[in-house]
Undergrad: 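I have a structure I would like to understand better, so I am pasting it below and will then ask my questions one at a time.
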Amino acid sequence: MTSAPAPMTMTDTGVLRDALGLLKDREQVAERLLDSSARHSFDPDTELDWDAPLEEGKWFWPPELVSLYGTPLWKKMSLEQQQDLSRHEAASLASLGIWFEIILMQLLVRHIYDKPVTSAHVRYALTEIADECRHSKMFARMIQRGGAPAYPVSRLNHQLARILKTVSTTPGSFACTLLGEEILDWMQRLTFPDERVQSLVRGVTRIHVVEEARHVRYAREELRRQMVTAPRWERELTRVSCGEAARVFSVAFVNPQVYSNVGLDRREAVAQVRASGHRREVMQSGARRLTDFLDEIGVLRGLGRRLWRSSGLLA
């Protein structure tokens with residue numbers, strides 16, 4: 001276990017400081033993000049060649065990131081079946097991304113509801129919402145183009161998210177935002193340069209990585225601010241709700257129906273994924289940058305930390 005982070009304080013001059021140092025001015029951060037958005041935003045409808053034929057013999061997701069990779073079941077599968085599983089898992093992850101981004105858009109709207117409407121902070125939030133709208137449409141179109149079905153989350157998780165987006169406090173909202181963004185971002189950074197993967201999938205992940213970098217910066221800066229300024233009860237609630245979100249996210253990451261849809265025994269496949277040391281390392285590697293950050297700013301404490309460990313995302 002890492003040592004407890006330094007206490008979070010507000011200086012006599014009103015400048016905010018946490019364990020990572022001084023927090024930047026909220027408006028200056030937003031202005032820089034708005035400038036980056038103006039220079040590096042994409043329209044997937046015109047940026048990507050949706051009519052190009054899919055490439056025979058290519059993966060839809062890097063094989064090392066497919067959930068069954070390296071398991072006994074994986075070794076028995078033909079190359080064609082392995083690649084078909086990658087197609088279904090890419091559709092499952094895109095479906096999860098759409099679900100998550102719809103939640104995120106609602107959380108962002110709640111965040112800015114009582115903020116000054118002419119501020120750069122609000123203008124950037126609205127810009128990010130526009131980005132997420134494009135991303136959700138892009139993911140849906142990728143699912144359709146790949147020919148796999150959409151994979152909704154379970155009814156239970158769907159309803160739990162309904163509660164989250166209704167009652168979540170501001171720091172809890174940004175902590176959950178980072179949970180959904182950073183692990184997928186890590187995987188997509190491995191995907192878009194990988195020439196073994198379908199060109200369309202690489203194009204989709206490249207756009208998402210470029211634009212999500214701004215979203216992560218916005219959420220990290222705001223979560224740091226909230227963990228300094230929020231009352232103690234809200235910080236404690238954030239720790240627990242973030243840990244519970246990590247547990248739900250890890251379970252929902254791949255829909256088990258993908259195994260049935262490629263002709264595998266679903267119960268056996270799920271059991272082998274859970275027992276896979278490679279899969280555990282992939283998920284923890286994807287989460288490590290985030291968990292290090294959350295640990296430093298005081299989110300991974302107490303029950304919240306135990307929930308993160310139970311999720312398998314924290315070693």
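The first residue in the sequence is number 1, and the count goes up from there. What you see is a predicted model, and the numbers here were worked out from it, not measured in a lab.
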Undergrad: May I ask you to decide if the ring planes of His135 and His215 are parallel, tilted or perpendicular, using 30° and 60° as cut-offs?
TA: tilted

Undergrad: Who pairs with Arg162 by salt bridge (charged side-chain N to carboxylate O under 4.0 Å, His left out), at least two apart in sequence or on another chain?
TA: none

Undergrad: Closer than 3.5 angstrom, by distance alone: can the side chain of Trp50 be matched with the main-chain N or O of Pro44 as a donor-acceptor pair?
TA: yes

Undergrad: Begin with the C-alpha distance, continue with both residues' side-chain angles, and end with the deciding distance and a verdict on salt bridge (charged side-chain N to carboxylate O under 4.0 Å, His left out) for Arg267 and Asp265.
TA: CA-CA 6 Å; Arg267 298 180 76 175; Asp265 181 284; over 6 Å; no

Undergrad: Under 3.5 Å, is there a donor on one side chain and an acceptor on the other for Glu101 and Ser136?
TA: yes

Undergrad: Tell me whether the count of non-hydrogen atoms from other residues, nucleotides or ligands lying under 6.0 Å of CZ in Arg39 goes above 12.
TA: yes

Undergrad: As an exercise, state the distance from CE of Met77 to CG of Asp84, rounded to the nearest 0.5 Å.
TA: 8.0 Å

Undergrad: Kindly indicate, with the supporting measurements, whether the criterion side chain to side chain donor-acceptor pair (under 3.5 Å) is fulfilled by Tyr151 and His88.
TA: CA-CA 9 Å; Tyr151 287 94; His88 283 267; 2.6 Å; yes

Undergrad: Mind listing the closest non-hydrogen atom pair of Leu54 and Gly146 along with its distance?
TA: CD1-CA, 4.3 Å

Undergrad: Taking side chain as C-beta onward, heavy atoms only, is Trp99 less than 4.5 Å from Ile103?
TA: yes

Undergrad: Scan side-chain atoms only and decide if Gln106 and Lys165 contain a donor-acceptor pair under the 3.5 Å cut-off.
TA: yes

Undergrad: Does the side chain of Arg110 pick up a donor-acceptor pair with the side chain of Ser173 at under 3.5 Å?
TA: no

Undergrad: Using the side-chain contact (heavy atoms from CB on, under 4.5 Å) definition, which of the options Val209, Thr205, Val204 pairs with Thr191?
TA: Thr205

Undergrad: Centroid separation under 6.0 Å, is that true for the rings of Phe174 and His111?
TA: yes

Undergrad: If you look only at pairs with a residue in residues 216-258, which of them pass as a ring pair (Phe, Tyr, Trp, His ring centres under 6.0 Å), with sequence neighbours excluded?
TA: His121-Tyr218, Tyr124-Tyr218, Phe249-Phe253

Undergrad: Quick check on the 6.0 Å ring-centre criterion: do His208 and Phe139 meet it?
TA: yes

Undergrad: Report, as yes or no, whether the 6.0 Å neighbourhood of atom CZ on Arg274 holds more than 12 heavy atoms from other residues, nucleotides or ligands.
TA: no

Undergrad: Determine, stepwise, if the pair Asp18 / Arg225 fulfils salt bridge (charged side-chain N to carboxylate O under 4.0 Å, His left out).
TA: CA-CA 8 Å; Asp18 66 3; Arg225 182 177 302 276; over 6 Å; no

Undergrad: Please confirm whether Arg279 makes a cation-pi placement over Tyr69, using NZ or CZ under 6.0 Å from the six-membered ring centre and within 45° of the ring normal.
TA: no

Undergrad: So does Phe42 get a backbone contact from the side chain of Arg134, meaning a donor-acceptor N/O pair under 3.5 Å?
TA: yes

Undergrad: How far does CE of Met187 sit from CD of Glu64, to the nearest 0.5 angstrom?
TA: 11.5 Å

